[in-house]
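For reference, the structure discussed in these notes is given below.
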2 protein chains.
Amino acid sequence: MAGVSVATVSKYVNGTQRFSPPVEAKLKDAIESLGYRSNPLARSMITGRTRTIGIAILDITNPHFTKVVKGANRVALQHDYTLLLVDAEENLSRERSLIEALAPRVDGLIVSSRASEEIAKWTLKLDKPVVMLRTVRGLDIPTVGFDNRLATYMLVRHLLNLGHRKIAYLGFDAATINDERIAGAREALAEAGLTLDVHETHAPTAQAGEEACSRVLLGPNRPQAVICYNDLIALGFMKEAKSLGFRLPQDVSVAGIDNVPYGEYVEPRLTTIDGQGERMGELAMQKLIDVLAGRPDVEQVVLEPRLVVRDSTVACR
Amino acid sequence: MAGVSVATVSKYVNGTQRFSPPVEAKLKDAIESLGYRSNPLARSMITGRTRTIGIAILDITNPHFTKVVKGANRVALQHDYTLLLVDAEENLSRERSLIEALAPRVDGLIVSSRASEEIAKWTLKLDKPVVMLRTVRGLDIPTVGFDNRLATYMLVRHLLNLGHRKIAYLGFDAATINDERIAGAREALAEAGLTLDVHETHAPTAQAGEEACSRVLLGPNRPQAVICYNDLIALGFMKEAKSLGFRLPQDVSVAGIDNVPYGEYVEPRLTTIDGQGERMGELAMQKLIDVLAGRPDVEQVVLEPRLVVRDSTVACR
DNA sequence: TTGAAAGCGCTAACAG
DNA sequence: CTGTTAGCGCTTTCAA
């Protein structure tokens, strides 16, 4: 319609080359009146680039992951990338096939998995750049992790400073980072000659926290303070504790990890460790984009915890 | 490698045709040892199908939208579709270009927008099936909406039954559904010969609810009960009200809409209207898949509100 | 039961 | 400055 070859159209549309004013004018008119839009699929097939990043997470319903997605999306948008979201719904067996199906349709992957080490290995065969949202040792891939050990270490120190001696941990044992969190808490307690009382839940959710509460508080050896695997568990735990007649925080101090927005709105306001979800997402996406732009990066970033003291932890009476 | 033509491979991989046992065996071996995976891009180019659904929402951080995505993802997974997520970050000007960029890479779209009517019109030109997450009048497109008018009507009736007479509404005026919610509340109040005191926030967030609180409670004509545009605003409102020295729910009843999970964990537990986010996502995705499977559908589903009475609304003293 | 060949819509060399 | 041409990796008639 513009009386030029397809090659000219291609170059014009992509801004690869400039043309004489009359030609450009005709091109512009034709494109406009035809409502022409280049087919990104055909484009991708030849360039090998999709301008899409896959992000695989365990549960979008968890505000921590929501924040990660938010952060990743923000920098993706800035660089004109789109997010292909895979929510494995906490279903680990499905995870691998989902990611494998995802890989060929994207330029790179951000993966937050429970089985990171294992996944990290086979993702390398996918032949796509991957950023893991979890520190992985011994592999040359970029990661954005979090110092889980330090997080609980700090939490315990905080509680020790408040005079607590009997400290329990309510974990989620299906998570690999659970061990790191236990280790950090144990380390801090050991320095004070104390031990950690460990309990587990079956899911990283408020519901699970509720269900575990009575087991922790009404069992033998009632703790003065409880550190939860994450804020959601803490939220559920606190709710149930109140139902059971405990006064919070006087009867038992509670702390979580992640700093989800809702910790501020419950009573007592939840003391927590900021997990920097958005920052994780942003950094991970930035790394991926760097790699895709030919700036190789195998750096293993470890985000540092920050204690957010609110009202759910008080001096032991 | 299997000594057959590409056509044979194609048919075998897609299960379009069966072959003689020896050939199939060779095919199987070759595919396995090569680790061959068909290129979905090339496939999509010829079939015109991407097995991807685009979902455009305003803010993944809002638990209501999170639920929608969750629901949509669940049925997408069941039907072997993937989600391409677009989070407009409440930025309406960006929304259109984002959706236009999204359209050619997906088989269909689920759109939750502030400017639904307008969007609905130009999405038709995208030449892709669209499901709007909002009732749109006068257009033959499938929608999954929510009876916003009835929602606030029910909430007001509930409050009237509790003896409240001075009822305020704390809205979010940038949302088109805000008007419907106001109308429903007004209708119920008018039947009792009462009027609605309307206030507005600048965002559908807890933060905005906090900021608006003093304006509502410390201004002239202090309400006995406040209905908020959504649960997040209600959460923020309640927190600030307590900071201001009000006892909840005795001094003021508060209700929200959406039934986000966290309404259960605050004190008093938030009375709300269930917005059925997951169900919306599921239905929308199901409709889209139906359309894509050649079962046309222009039905306009309207989900019915359900009142969830908890502790934040009590009899007016 | 299998294969040859024609494209899908585009980009990237290379020519002119 | 503009066009020709050769594919990208696949599916799909159609013929053998």
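Order of the sequence lines fixes the chain letters, A, B, ..., with proteins taken first and strands second; residue numbering starts at 1 for each chain.
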Just so I know, are the side chains of Thr52(A) and Tyr81(A) near enough to count as touching, which here means a heavy-atom distance under 4.5 Å? no
Looking across every strand, which nucleic acid part, if any, lies under 4.0 Å from Val9(A) by heavy atom: base, sugar-phosphate, or nothing? nothing
Arg37(B) CZ to dC10(D) P, straight-line distance once rounded to whole Å: 12 Å
Measuring from the side chain of Arg43(B) (C-beta onward, heavy atoms only), which nucleotide among dC10(D), dT13(D), dG9(C) has the closest atom? dC10(D)
What nucleotide among dG3(D), dC8(C), dG3(C) has an atom nearest to a side-chain atom of Met45(B)? dC8(C)
Under a plain distance cut-off of 3.5 Å, with no hydrogens placed, do Ser113(A) and Glu95(A) share a side-chain donor-acceptor pair? yes
Of all the nucleotides listed (dG9(C), dT4(D), dT11(C)), which has the minimum atom distance to the side chain of Ala7(A)? dT4(D)
Atom-to-atom span, NZ of Lys11(A) to P of dG3(D) - whole angstrom: 9 Å
In terms of the nearest nucleotide of DNA chain D, which residue is placed more toward the 5' end: Pro40(B) or Gly3(A)? Gly3(A)
Measuring from the side chain of Ser5(B) (C-beta onward, heavy atoms only), which nucleotide among dG3(C), dG3(D), dT11(D) has the closest atom? dG3(C)
Can you check the Leu41(A) CG to dG7(C) P distance for me, whole Å? 21 Å
Phosphate-side-chain proximity, Thr8(A) and dG3(D), N/O vs OP1/OP2 below 4.0 Å: yes
Is it true that a side-chain atom of Arg74(B) and a backbone atom of Gly281(B) form a donor plus acceptor pair closer than 3.5 Å? no
When the distance from CD of Gln17(B) to C1' of dT2(C) is rounded to whole Å, what number comes out? 8 Å
At under 4.0 Å between heavy atoms, what does Ser38(B) touch on the DNA or RNA strands: base, sugar-phosphate, or nothing? sugar-phosphate
Considering every strand and a 4.0 Å limit on heavy-atom distances, what is the contact class for Tyr12(B): base, sugar-phosphate, or nothing? nothing
If each of Ile46(B) and Ser20(B) is mapped to the nucleotide of DNA chain C with the nearest heavy atom, which maps nearer the 5' terminus, i.e. the 5' end? Ser20(B)
Could you tell me if Arg134(A) and Ser112(A) have a donor-acceptor pair between their side chains, going purely by distance under 3.5 Å? no
Is Asn14(B) reaching over with its side chain to a backbone N or O of Thr16(B), donor-acceptor style, under 3.5 angstrom? no
Measuring from the side chain of Asn39(A) (C-beta onward, heavy atoms only), which nucleotide among dG9(C), dC1(D), dT11(D) has the closest atom? dG9(C)
